[in-house]
Amino acid sequence: MKHVPTLDIRRYETDQAAFVDELGAAYREFGFCCISGHGIPKSDIDAAYEVFQAFFALPEAVKLKYHQPGTGGARGYTPFGIETAKDSQYPDLKEFWHIGREIPRDSKFASVMPANVWPDEVEGFREHGYGLYAALDDLGTRVLRALALHIDLPENFFEDKTNFGNSILRPIHYPPITSADIPNVRAGAHEDINFITLLVGASAAGLEVLTRDGSWLPITTEGDAIVVNIGDMLQRLTNHVYPSTTHRVVNPPGDAARKPRYSVPFFLHPNPDVVLDVLPSCTSEANPSRYPTSITSHEYLLQRLREIKLI
């Protein structure tokens, strides 16, 4: 039976060539891989989950203080039933919070990367939330080094393209499902927008990946593994050498549907002014460039946010 592999990223230091080959093969096949040995302490992940769950348990009126309509949900709280997968008839069954990169407010990117907002009601939210943001940002940089080597680029190719990336940490709460006849799933079939996504906490059933043969493959993790998948921006940049794979979060059967589900993806984005032109190393006679028109990562992001009804 097919399965998305789990690879220990510590092998990048001890067995680099083999690790890069195996990682590249996993992404070419699935667009997904599970990464273990990353060094992010479980206690830090647990502490972040605790403050996120505490926020979602607040009264709706309190949470709505941190909703910022008209901003595309860039920061703060987005209520239940707003985000809708592209071409889906129904909204997703979730509410979420967005934490973005802390940058100087005189930065050239300040106009498109707003300041974070933080809930006063949850002690430690900023400390643990941004601590996890920084840890996943660092891990994403390490994964991108290996991905660069696999497509014959310098190891540090992505680093000056993501050092001010408009990346997002998104704690998500899927409330209990109380009716058996709900027509929509917790998160409809979609592809991610960004370079790569790092998902902390995929131990609960529900995440499924669409394989090349058209079947849905469940993904759950064990131990410290973090799910890392390719987003549409990297698919575009690499001319589909690294595919952005459709995935969804389905409703669990039976009593499990009556329980809440939490997950925390980190969407690693390039800097807003990065131009997503196809890399020459990713074209050939068999795979000519699919994207003749230039677009910046920020322009691309705005297009996609409109499609999923966040703006």
Keeping [X] on the side-chain end and [Y] on the backbone end, is there a donor-acceptor pair under 3.5 Å?
X: Ser281; Y: Asp152; answer: no
X: Tyr130; Y: Glu102; answer: yes
X: Ser215; Y: Thr211; answer: no
X: Asp92; Y: Gly188; answer: yes
X: His128; Y: Arg126; answer: no
X: Thr84; Y: Ile82; answer: yes
X: Glu299; Y: Thr296; answer: yes
X: His3; Y: Pro5; answer: no
X: His240; Y: Gln235; answer: no
X: Thr162; Y: Phe158; answer: yes

Provide the closest heavy-atom pair for [X] versus [Y] in the form atom of the first, atom of the second, distance.
X: Ala85; Y: Ala189; answer: CB-O, 3.7 Å
X: Phe157; Y: Leu279; answer: CZ-CD2, 3.6 Å
X: Asn166; Y: Leu301; answer: ND2-CD2, 3.7 Å
X: Asp192; Y: Ser244; answer: O-OG, 3.9 Å
X: Pro79; Y: Glu60; answer: CB-OE2, 4.3 Å
X: Ala48; Y: Leu132; answer: CB-CD2, 3.8 Å

Strictly below 4.0 Å, N to O, side chains only: are [X] and [Y] in salt-bridge contact?
X: Glu121; Y: Lys65; value: yes
X: Arg170; Y: Glu83; value: yes
X: Lys42; Y: Asp224; value: no

Cluster link [X] to [Y], ILVMFWY, side chain under 4.5 Å:
X: Val274; Y: Ile103; result: no
X: Ile230; Y: Tyr291; result: no
X: Phe164; Y: Phe267; result: no
X: Leu276; Y: Leu302; result: yes
X: Val228; Y: Leu144; result: yes

Out of curiosity, [X] [atom1] to [Y] [atom2], how far, rounded to the nearest 0.5 Å?
X: Asp46; Y: Gln53; atom1: CG; atom2: CD; result: 9.5 Å
X: Ser88; Y: Arg248; atom1: OG; atom2: CZ; result: 12.0 Å
X: Leu23; Y: Arg11; atom1: CG; atom2: CZ; result: 9.5 Å
X: Arg261; Y: Lys259; atom1: CZ; atom2: NZ; result: 13.5 Å
X: Arg75; Y: Ile99; atom1: CZ; atom2: CD1; result: 10.0 Å
X: Leu198; Y: Ile226; atom1: CG; atom2: CD1; result: 6.5 Å

In the structure I gave you, are the side-chain heavy atoms of [X] and [Y] within less than 4.5 Å of one another anywhere?
X: Tyr300; Y: Ile193; value: yes
X: Ser107; Y: Met113; value: no
X: Pro176; Y: Pro260; value: yes
X: Ile219; Y: Cys34; value: yes
X: Val249; Y: Leu93; value: no
X: His247; Y: Glu208; value: no
X: Cys33; Y: Leu7; value: yes
X: Tyr77; Y: Leu64; value: yes

Original post:
Going through the distances and angles, do Arg10 and His38 end up as a side chain to side chain contact (heavy atoms under 4.5 Å, CB included)?
Top reply: CA-CA 7 Å; Arg10 290 172 293 192; His38 46 72; over 6 Å; no

Subject >> Heavy atoms from other residues, nucleotides or ligands near CZ of Phe125 exceed 12 (cutoff 6.0 Å) >> reply: yes

Original post:
So with a 6.0 Å cut-off around CD of Glu123, is the heavy-atom count from everything else above 12?
Top reply: no

Original post:
Looking only at side chains, do Thr283 and Asn239 share a donor and an acceptor under 3.5 Å apart?
Top reply: no

**OP:** Take Leu147 and Tyr242 through the side chain to side chain contact (heavy atoms under 4.5 Å, CB included) test and state the conclusion after the steps.
**Re:** CA-CA 9 Å; Leu147 290 176; Tyr242 291 136; 3.6 Å; yes

Original post:
Under the criterion side chain to side chain donor-acceptor pair (under 3.5 Å), which of Glu95, Lys94, Lys63 is the partner of His173?
Top reply: Glu95

Subject >> Residues Glu191, Lys86; criterion salt bridge (Lys or Arg N to Asp or Glu O under 4.0 Å); working and verdict >> reply: CA-CA 9 Å; Glu191 299 82 43; Lys86 182 182 177 183; over 6 Å; no

Subject >> Pairs where residues 264-280 contributes a residue and the test side chain to side chain donor-acceptor pair (under 3.5 Å) is met, not counting sequence neighbours >> reply: Lys108-Asp273, Asn163-Asn271, Asp277-Ser294

Subject >> Derivation and outcome, side chain to side chain contact (heavy atoms under 4.5 Å, CB included), residues Ile295 and Gln303 >> reply: CA-CA 11 Å; Ile295 189 170; Gln303 282 186 9; 3.5 Å; yes

**OP:** Quick one: do His98 and Phe96 satisfy ring-ring contact (aromatic ring centres under 6.0 Å, His included)? Show the steps, please.
**Re:** CA-CA 7 Å; His98 274 178; Phe96 55 88; 5.0 Å; yes

Original post:
Are Phe52 and Trp97 near enough that their ring centres are under 6.0 Å apart?
Top reply: no

**OP:** Answer with yes or no after comparing the ring centroid distance for Tyr27 and Phe32 against a 6.0 Å cut-off, counting only values under it.
**Re:** no

Original post:
Step by step, would you call Leu217 with Val4 a side chain to side chain contact (heavy atoms under 4.5 Å, CB included)?
Top reply: CA-CA 9 Å; Leu217 178 67; Val4 172; 4.0 Å; yes

Subject >> Tyr262 and Tyr49: CA distance, side-chain angles, deciding distance, ring-ring contact (aromatic ring centres under 6.0 Å, His included) verdict >> reply: CA-CA 8 Å; Tyr262 300 90; Tyr49 262 87; 7.2 Å; no

